[in-house]
Every structure is written in C-alpha cells, then in structure tokens.
J.: 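This is the structure, below, for whatever I ask next.
Just so it is clear, the structure is predicted and the values come from calculations on it, not from any experiment. All ligand and atom numbering here is 1-based and tracks the order in the structure.
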Amino acid sequence: MTRVVGHYIDGAFQTTVGRELIEVDNPADGSLVGAVVAGDAADVDAAVRAAVRAFPGWAATPMGERIALVEGIAAGLERRRDELAETLTAEMGAPIGFARAAQVGVAIADLAHLIAAARAHVDRAAVSNSLVVSEPAGVVAAITPWNFPLHQIMLKLGAALLAGCVVVLKPSEVAPLNAAIVAEILDELDCPPGVVAVVFGDGAGVGEPLVAHPGVDMVTFTGSRAVGERVAVAAGRGIKRVALELGGKSAAIVLDDAPVAESVAGVLGSCFANTGQTCAALTRVLVPRALAGEWEAAAVHEVARWEPGDPRESSTAMGPLASELQRERVVAHIEAAIADGARLVAGGAEPPRPGGAFVRPTIFADVAPDMRLFREEVFGPVLAVTAYDTLDEAISLANDSDYGLSGGVWSADERRAVDVALRLRTGTVGINGAGLDVGAPFGGYKQSGLGREAGTEGFQEFLELKTIMGAAGLAASGDDS
Ligand code: NAD
C-alpha cells in the first residue's frame, strides 16, 4: 500500500491502525497515491485541547523565536521542494513544472513576505491617551482547499504562527498529502507540542466540529462560496472571528488600445493555468466589439498551447482537473453554456484523451450576462468572451457579479488602465497581465470573502488590539525581542 498518514496532534503522529481512511487518487490515471485518516469530532477535540494548552506559551514566545520557526518551515519546503511538487502533481494533477515553480515556489514566497511583515511589526503604540497593544487572536482553525493547497496552508499557518496564534489545520481531503509533509517538517523542527495540529478529514467529519469547537477563537477558511457561508454562520454562533477567501468570476477588460496578442496570451494564461482551478483566474473577458473577431481568432490559435497532457512531463502546460468529481462539474458547466446559447469557439465537453480527469481548454463567445457561464464559477479551464460597445458598459459588465475577487485591464496606456482598475469592485486587479503578488494584500469584495491574506495585512488578520487607557507614556518600552 502507498503512504497512509495519521493526524499530527500535540506534537505526535497518531496511529492509523483501525481507523477509517480517505483514499487519495491520482486524477491523471485513477491510481492510488496514498491515504489519510478520516478524522472525527474526538480527533478535533484532542487537537483543539492541545492547542488551548499550548497557546499561552506560544503567545509569550518572543517574535525572534516565532520567526525562526517559520524560517525553518520555509527552509523545509525548499529542501523538500521536489518531493512536495511530485506529491502535488500526484494528488491534484498540477503539471510538475508548475507545481515546483508556482505551487511550492509561491508557498515559500508567502512565508518570506509574512516574515518581513512580522519583523516590521510594532506591537505597541501610543494612541491618544492610551497604550495600544497588538496580541495574538488565539486558537485558529484553518480550513483549506485543494487547488493551491500548500500556498493556502502557508498563508494561514505562517501568518498565524508569527502573530503568536496556535493552529489546528484541516487540509482538503482531496489533496492532503502535501500537508502531511508540512507536519513532518514541523515535527523535525521541534515545534512545541500543540502549537500546530494537522487533522485530516472531510467537511462533515472534521470541518464542522472544528468550526463549532468552543476552544477555537478564529476561523480562517479558503474554499467555495457555499461552504464559506456555512462556515461563517457556524462561526457566528460563537462570535468567532472569521476570515474567508472564497470564489470568483473575475473579468479582464481589454481596452481598445491594447495589443491583441499580449492580451490573448495573458487572459488565457490566467484562465487556463492550474487547469483553470485558480480562485482569481480571469474567466470572463470583455473585448471591444470592433476587436472581437480578431481577439477570438487569436484566442483560438493560442489555445493550442494548452493541450492537456501527462502532468509528470515537464513540457505539459495543462494537467487533469483535481478529481473526477471536478471533471463532472466542469463538463456540466460546458453543457449548460451550450444550452444557454453561448457560441463554442474552442474545446468542448468531449474528453481530450481517454482516462483521467482531463477536460479541453474551452472558449465560448457571445456570452451574455443572463447566461450561467457569465455568473457561475466553473473552476476549470473555460473562458467566456463578451463584446462591449463603450467603456462604461465594460466596467458595468465586469462589476455585474456577486463575486469581487480579481480583475484585469489591458491597455497601451498604463494610467488609463489604472483609472479603469479603480472603478472595479474587486480586491485585486492586474494591469497588462501582472499576476498574484503575495507581498500585497489578497482577498475579495462582495461574496468573494472577508479579510485579507498575504503580507502585512495577512499577518495583521491574526492580531487582536488591546487599548490600555491612561498608559500612552509606556509605548516606547515594548517587546525587545
Ligand atoms: P470547498 O468549499 O468544497 O472545501 C474547502 C474546504 O472546506 C475543504 O477542506 C473541505 O473539506 C472543507 N469543508 C467542506 N464543508 C465544510 C463544512 N461544512 N464546514 C467546514 N469545512 C468544510 O472548496 P474546494 O472545492 O476544496 O475548493 C474550491 C473552491 O475554493 C473554489 O470555489 C475556489 O474559488 C475557492 N478558492 C478560493 C480561494 C481564495 O483565496 N479566494 C483560493 C482557492 C480556492
């Protein structure tokens, strides 16, 4: 049998003997990659109790020591980069080159930026007549998805540990094996018992009891809008702090002066990378009507670069989707777009190759705002092209969404592009293809989430503020670590 992993609780790996398991399949060929224990409420309780015990000690640990632990995690990720990339490729299908550079590389960069934010942090300040002190938020429940699993774990784990919080992590049951390596790295680092737990399992078995546990002070969740709402409602029952990073239906606006070839390559790159399973992917593109024909033809030509293939090959640009279930969902979205009258210009619902959770990179044109493809997150490589007549119309189409995660603007004139960016109701906007910046805040407007991750603001999410009235004069004598 392949690798079978138990929970990591109170500084020790738990037995897998006699436990129910969740099998992890390779989406490229259906083979068994490994298995993790299917956790339950008792596992959650053990992990949270250990975290509650560990919290005072970790909260009192000087910043220098917290930074040393997170630097140790970053060094562990770097040392095991190839193994992590191979694990990600096997469990969720990211092409190996992308897994190494983007999936693992971004996770390491996340930690570097969070460490810089923690170093620059001033934990006490004179404000009015008071001394204002920042303190760790407490016991954090971190729940993560499968699409950039290591990156999403590091944004939460790194920031929380640096802030002085303790963490119970529930990684996605679809791609949990990278989190098992993270637990091994922590174990080798002599992370104090209870400071980090990794509890494997699904939403019902582990996610729900974890959010509901009275020992948890804060829930940080990345995943779908629907589950995010459930998590927020459940956390609200205990008035727990909540941070949510949810889905998106982000629009790229191609202005009339934008170079067609660059905007086509950039939009397809954003939409199709990671097989379209990127929350901030540009999945709608708004093109001036006069340019629409040329843009579409260039896109049909460009799509050939995204031929699905074996994700273990370094030349492969697009792997399978993360699971057979995800393939079924994406195919249903493609069929719905056809039924709604969108014009298929590339790809389609037929599998591109036999076996595996593969789909064709797909482009629809004439996508109208009342079609499902315009409004619903597909989470697969499906692009919706919509023509516009005026800039105001383009901006209103871009903003015509329940989501507000990201956006893009292409123009030969950067100032003009930024003026458009300022009118978008989204948490991030990329100018002329600029991608994710993990040194700057990342998060959503509207139903794309609450709060920000990454960099200084991502670190600050895990802090509480205490105002000590009448003590402004003591601000200078702070934490000297
Ligand atoms: P999901 O919402 O199905 O699951 C996310 C996590 O929540 C998993 O660990 C899952 O086990 C857990 N979960 C499920 N039900 C739960 C419950 N009732 N209580 C507590 N936890 C529960 O999402 P997914 O399919 O793993 O990931 C894809 C989604 O994530 C997409 O919608 C995507 O847009 C979103 N996403 C958002 C961001 C972002 O930063 N905004 C990043 C990546 C992915």
Side-chain angles (χ1 to χ4, degrees), residues 22 36 38-39 41 44 91-92 94 102-103 106-107 110 141-156 168-176 178-179 198-213 216 219-237 240 242-250 273-283 321-323 325-330 333 376-380 401-406 426-428 436 438 441-454 458 461:
I22 296 175
V36 293
V44 169
E91 64 183 343
M92 53 72 65
Q103 295 269 2
V106 172
D110 291 333
I143 301 177
T144 52
W146 43 257
N147 61 325
F148 283 87
L150 192 64
H151 158 62
Q152 285 138 353
I153 289 170
M154 289 306 144
L155 284 177
K156 297 179 189 317
V168 178
L169 168 68
K170 191 210 90 61
S172 167
E173 66 276 30
V174 177
N178 65 93
V198 180
V199 183
F200 299 105
D202 61 15
V206 173
E208 287 181 21
L210 180 57
V211 174
H213 199 290
V216 168
V219 180
T220 172
F221 171 86
T222 299
S224 60
R225 202 215 71 91
V227 176
E229 182 174 305
R230 290 183 65 175
V231 165
V233 168
R237 287 195 196 103
K240 289 169 187 161
V242 190
L244 303 173
E245 294 291 347
L246 308 177
K249 190 74 202 183
S250 301
N274 212 35
T275 321
Q277 303 160 119
T278 307
C279 52
L282 299 170
T283 55
L321 290 159
S323 65
L325 176 63
Q326 191 61 17
R327 193 192 68 78
E328 286 164 17
R329 288 179 184 150
V330 171
H333 279 286
E376 296 173 3
E377 183 182 53
V378 174
F379 229 54
S401 174
D402 291 339
Y403 293 113
L405 191 57
S406 193
T426 61
T428 59
L436 178 68
V438 294
F442 177 84
Y445 284 24
K446 301 195 267 184
Q447 295 185 29
S448 287
L450 289 176
R452 292 293 179 270
E453 293 199 301
E461 282 282 343

J.: Return yes or no for this condition: an N or O of Thr144 is under 3.5 Å from an N or O of ligand 1.
T.: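 Yes: some nitrogen or oxygen of Thr144 is under 3.5 Å from one in ligand 1.
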J.: So with a 6.0 Å cut-off around CZ of Arg225, is the heavy-atom count from everything else above 12?
T.: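 More than 12 heavy atoms, drawn from other residues, nucleotides or ligands, come within 6.0 Å of this atom.
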J.: Going by the order shown, which atoms of ligand 1 are within less than 4.0 Å of some heavy atom of Glu245?
T.: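 Near Glu245, the atoms of ligand 1 are 37 (C), 38 (C), 39 (C), 40 (O), 41 (N).
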J.: Under 4.0 Å from a heavy atom of Val231: which atoms of ligand 1 are those, numbered in the order shown and with their elements?
T.: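 Answer for ligand 1: 19 (N), 20 (C).
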J.: For a side-chain contact (heavy atoms from CB on, under 4.5 Å) check, start with the C-alpha distance between Val36 and Glu173, then their side-chain angles and the critical distance, and finish with the verdict.
T.: CA-CA 8 Å; Val36 293; Glu173 66 276 30; 5.8 Å; no
J.: Check each of Ser224, Pro209, Gly203 against atom 1 (P) of ligand 1 and report the one with the nearest heavy atom.
T.: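 Closest candidate by heavy-atom distance is Ser224.
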J.: Side chain or backbone, does Gly223 bring an N or O within less than 3.5 Å of an N or O on ligand 1?
T.: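 The answer is yes, given that Gly223 and ligand 1 share an N or O pair closer than 3.5 Å.
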J.: Got a donor-acceptor contact below 3.5 angstrom from the Lys240 side chain to the Val211 backbone?
T.: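 Flag set: sc Lys240 to bb Val211 pair under 3.5 Å.
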J.: Can you find a non-hydrogen atom of Ser172 under 4.0 Å from ligand 1?
T.: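 Yes, Ser172 has a heavy atom closer than 4.0 Å to ligand 1.
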J.: Do any N/O atoms on Trp146 end up under 3.5 angstrom from N/O atoms on ligand 1?
T.: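 Such a contact does occur with ligand 1.
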J.: Give the contacting part of Asn147 toward ligand 1: side chain, backbone, both or neither, where contact means a heavy-atom distance below 4.0 Å.
T.: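 Just the side chain.
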J.: Could you find the nearest protein heavy atom to atom 18 (N) of ligand 1 and give me its residue, atom name and distance?
T.: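 The closest heavy atom on the protein side is Glu208 OE2, 3.1 Å.
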J.: Which protein heavy atom lies closest to atom 7 (O) of ligand 1, and at what distance to 0.1 Å?
T.: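 For this ligand atom, the closest protein heavy atom is Phe221 CE1, 3.2 Å.
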J.: So for ligand 1, is Thr222 a polar contact partner (N or O within less than 3.5 Å, distance only)?
T.: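 N/O-N/O distance below 3.5 Å does not exist for this pair.
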J.: Check this for me, if you would: do Arg452 and Glu461 make a salt bridge, where the nitrogen-to-carboxylate-oxygen distance has to be below 4.0 angstrom?
T.: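 Judged by the 4.0 Å cut-off on N to carboxylate O distance, Arg452 and Glu461 do not form a salt bridge.
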J.: Which residue in the set Thr144, Asn147, Thr222 passes side chain to side chain donor-acceptor pair (under 3.5 Å) when paired with Gln152?
T.: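 Going through Thr144, Asn147, Thr222 one by one, the side chain to side chain donor-acceptor pair (under 3.5 Å) with Gln152 is satisfied by Asn147 alone.
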J.: Just by distance, with hydrogens left out, do Ser401 and Lys249 show a side-chain donor and acceptor under 3.5 Å apart?
T.: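 Not at all, the side chains of Ser401 and Lys249 share no donor-acceptor pair under 3.5 Å.
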J.: Numbering the atoms of ligand 1 from 1, which are under 4.0 Å from a heavy atom of Gly247?
T.: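 Those qualifying, in numeric order: 34 (O).
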J.: Is there a protein heavy atom at a distance of less than 4.0 Å from atom 4 (O) of ligand 1?
T.: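 It does not: no protein heavy atom is found less than 4.0 Å away from atom 4 (O) of ligand 1.
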J.: Just heavy atoms, cut-off under 4.0 Å: does Glu377 contact ligand 1 by side chain, backbone, both, or neither?
T.: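 The answer is the side chain.
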J.: By number and element, which atoms of ligand 1 are closer than 4.0 Å to a non-hydrogen atom of Gly207?
T.: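 Listed by number with element, the hits are 19 (N), 20 (C), 21 (N).
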J.: Are Lys446 and Thr426 linked by a side-chain donor-acceptor pair shorter than 3.5 Å?
T.: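 On atom types as modelled, these side chains do not qualify, holding no pair under 3.5 Å.
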J.: Will you find, in the side chains of Ser406 and Thr428, an N or O donor that is under 3.5 Å from an N or O acceptor?
T.: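 Checked: Ser406/Thr428 side chains pair up, N/O donor to acceptor below 3.5 Å.
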J.: List every atom of ligand 1 that sits less than 4.0 Å from any heavy atom of Leu246, numbering the atoms from 1 in the order shown and giving each element.
T.: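 In order of number, 34 (O), 36 (N), 37 (C), 38 (C), 39 (C), 41 (N).
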J.: At the 4.0 Å heavy-atom cut-off, does Gln152 count as touching ligand 1?
T.: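 So Gln152 counts as touching ligand 1.
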J.: Using a strict cut-off of 4.0 Å, indicate which atoms of ligand 1 neighbour a heavy atom of Phe442.
T.: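 What qualifies from ligand 1 is 40 (O).
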J.: Between Cys279 and Phe442, which heavy-atom pair has the shortest distance, and what is it?
T.: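 So the two residues come closest at SG-CZ, 4.0 Å.
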J.: Measuring only between side-chain heavy atoms, which start at C-beta, is Val216 closer than 4.5 Å to Leu210?
T.: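 Of all side-chain heavy-atom pairs linking Leu210 with Val216, at least one is under 4.5 Å.
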J.: Mind checking whether Glu245 and Thr220 have side chains closer than 4.5 Å, heavy atoms only?
T.: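 They are not in contact (no side-chain heavy atoms under 4.5 Å apart), so the answer is no.
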J.: Atoms of ligand 1 less than 4.0 Å from Cys279 heavy atoms?
T.: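 Those qualifying, in numeric order: 34 (O), 36 (N), 37 (C), 38 (C), 39 (C), 40 (O), 41 (N), 42 (C), 43 (C), 44 (C).
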J.: Which ligand 1 atoms, with their elements, are less than 4.0 angstrom from a heavy-atom of Ile143?
T.: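 What qualifies from ligand 1 is 6 (C), 7 (O), 9 (O), 12 (C), 20 (C), 21 (N).
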J.: Determine whether more than 12 heavy atoms belonging to other residues, nucleotides or ligands lie under 6.0 Å from atom CD of Glu328.
T.: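 Enclosed.
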J.: With a 3.5 Å cut-off and no angle check, do the side chains of Asn274 and Gln103 form a donor-acceptor pair?
T.: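 Yes, side-chain donor-acceptor contact under 3.5 Å.
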J.: Would you say Glu173 and ligand 1 have an N/O pair spaced under 3.5 Å apart?
T.: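 The answer is yes, given that Glu173 and ligand 1 share an N or O pair closer than 3.5 Å.
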J.: Pairs of nitrogen or oxygen atoms closer than 3.5 Å, one from Asp202 and one from ligand 1: do any exist?
T.: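 There is no such contact.
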J.: Is the closest side-chain heavy-atom distance between Asn178 and Pro176 below 4.5 Å?
T.: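 Answer no - side chains too far apart.
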J.: Would you check the N or O atoms of Arg225, main chain and side chain alike, for any that come under 3.5 Å of an N or O of ligand 1?
T.: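 No, since none of the N or O atoms of Arg225 sits under 3.5 Å from an N or O of ligand 1.
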